[in-house]
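This report refers to the structure that appears directly beneath it.
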Amino acid sequence: MLKRVAVIGAGVCGLSSIKCCLDEGLEPTCFERSGDIGGLWRFEENPEEGREIMCFSDFPIPDDFPNYMHNSKIMEYFRMYADYFDLLKYIRFKTTVVSVTKRPDFSTTGQWDVVTETEGKQESAIFDGVMVCTGHHTNAHLPLDSFPGIEKFKGRYFHSRDYKKPQEFSGKRVIVIGIGNSGTDLAVELSHTADQVFLSTRRGAWILGRIGEEGYPMDTIYVTRYMEFLRRIVPLSLLNYFTEKKLNAKFNHAIYGLQPAPR
């Protein structure tokens, strides 16, 4: 009898987990609370609460796809992957996992009781394993307690998850808090329409451009076996020195208040 595995979530990790289960002769059942695959890469006008180097090793991204893909192209790639390996038939959409608990005989069987809910109806099933593929960016983090007086602020404030179009900020002054991927992307896009944009960061950061030598993506150049070999044999202080010098050659981070304290 095949071992049954519950896969929670049909995003990028959920899809590859279904595929890996099939490769290993297991019987996967994936539970996805929304009505589609893709997870956070699927654009939604009103997202639900909680909800190249990246290509699958056994299913390369098509050659005609751009190096930096729009989320719609990433979703197209995921659909191609799911169709090619016939994964959709293992996914139960619009199904929420209510609970996952060890069975009374877990110490000897290693089995789990998984309770799910579909259209208000709950059901329970026994699985030999559970793979949690819900992601770690599902819930928006908006620490309003860290901003005393925010309740008196007359402007609009929201999490980057709720940002949709730059046009609505035309002629306005905007502050973007956080210099991660979302923060920098928003600041750049808003700078074309807003009257003024401020980017707030506590610690500074090293800014890497998308394009490296000869026009190749940065990860294609630096995420290689050769570079990994150098990182292992060259002293960290020396690596830091050359990397910082190279990054500051594009623009001096200290002048812009971006020089981080850690090297």
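The model shown is predicted, which means the values in this text are computed figures rather than measured ones.
- Two residues are said to be in side-chain contact when any heavy atoms from C-beta on lie closer than 4.5 Å; Asn248 and Gln259 meet this criterion.
- Heavy-atom contacts from other residues, nucleotides or ligands closer than 6.0 Å to CG of Asp64 number more than 12.
- Sequence neighbours left out, the pairs with a member in residues 203-214 that pass salt bridge (charged side-chain N to carboxylate O under 4.0 Å, His left out) are Glu213-Lys246.
- Between Leu15 and Ile91 there is a side-chain heavy-atom pair separated by less than 4.5 Å.
- Applying the ring-ring contact (aromatic ring centres under 6.0 Å, His included) criterion to Tyr77, with sequence neighbours excluded, gives Phe56, Phe59.
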Using the side-chain contact (heavy atoms from CB on, under 4.5 Å) rule, take Ile179 and Leu258 through it: C-alpha gap first, then chi angles, then the decisive distance, then the call. CA-CA 10 Å; Ile179 199 171; Leu258 289 172; 3.5 Å; yes
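- When atom types are taken as modelled, the side chain of Thr118 and the backbone of Lys121 share no donor-acceptor pair closer than 3.5 angstrom.
- In this structure a side-chain-to-backbone donor-acceptor pair under 3.5 Å is missing from Thr134 to Val132.
- Under the 4.5 Å side-chain criterion, counting only non-hydrogen atoms from C-beta, Leu22 is in contact with Pro28.
- A salt bridge between Arg231 and Glu228 is present, with a side-chain N of the basic residue lying under 4.0 Å from a carboxylate O of the acidic one.
- With respect to Arg92 and Glu123, a salt bridge is recorded, a charged nitrogen being found less than 4.0 Å from a carboxylate O.
- With contacts defined as side-chain heavy-atom distances shorter than 4.5 Å, the pair Lys73/Ile61 does not qualify.
- Two residues are said to be in side-chain contact when any heavy atoms from C-beta on lie closer than 4.5 Å; Gln122 and Thr116 fail this criterion.
- The main-chain N or O of Arg4 is found under 3.5 Å from a side-chain atom of Asp128 such that the two form a donor-acceptor pair.
- When all heavy atoms are compared, the tightest approach of Ser17 to Val7 is CB-CG1, 4.1 Å.
- Side-chain contact check for Ile8 versus Cys133: every heavy-atom pair is 4.5 Å or farther apart.
- Residues meeting the ring-ring contact (aromatic ring centres under 6.0 Å, His included) test with Tyr241, sequence neighbours left out: none.
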Applying side-chain contact (heavy atoms from CB on, under 4.5 Å), run through Ile74 and Phe78 and close with a yes or a no. CA-CA 6 Å; Ile74 294 176; Phe78 289 164; 3.5 Å; yes
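- Contact check for Tyr68 versus Ile211: side-chain heavy atoms found under the 4.5 Å cut-off.
- Under the 4.0 Å criterion applied to side-chain N and carboxylate O atoms, Arg79 and Asp83 are not assigned as salt-bridge partners.
- Of the possible polar contacts, one joining the Ser16 side chain to the Val12 backbone as a donor-acceptor pair under 3.5 Å is found.
- Salt bridge status for Lys102 with Asp113: absent, with no side-chain N to carboxylate O gap under 4.0 Å.
- Among residues two or more places apart in sequence or in another chain, the ring-ring contact (aromatic ring centres under 6.0 Å, His included) test is passed with Tyr157 by none.
- Panel note: side chain His253, backbone Trp206; no donor-acceptor pair is recorded below 3.5 Å.
- No more than 12 heavy atoms of other residues, nucleotides or ligands sit less than 6.0 Å from atom CG of Asp145.
- Of the possible polar contacts, one joining the Thr109 side chain to the Gln111 backbone as a donor-acceptor pair under 3.5 Å is found.
- Under the ring-ring contact (aromatic ring centres under 6.0 Å, His included) criterion, Phe106 pairs with Trp112, not counting sequence neighbours.
- Within the structure, every pair that satisfies the salt bridge (charged side-chain N to carboxylate O under 4.0 Å, His left out) test and touches residues 166-176, not counting sequence neighbours, is listed here: Arg156-Glu168.
- In this structure a side-chain-to-backbone donor-acceptor pair under 3.5 Å is present from Thr243 to Leu239.
- Each of Phe158 and Phe198 belongs to its own hydrophobic cluster when Ile, Leu, Val, Met, Phe, Trp and Tyr are linked at side-chain heavy-atom distances under 4.5 angstrom.
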Take Tyr163 and Glu189, measure what side chain to side chain donor-acceptor pair (under 3.5 Å) needs, and give me the verdict at the end. CA-CA 11 Å; Tyr163 169 85; Glu189 185 163 287; 2.6 Å; yes
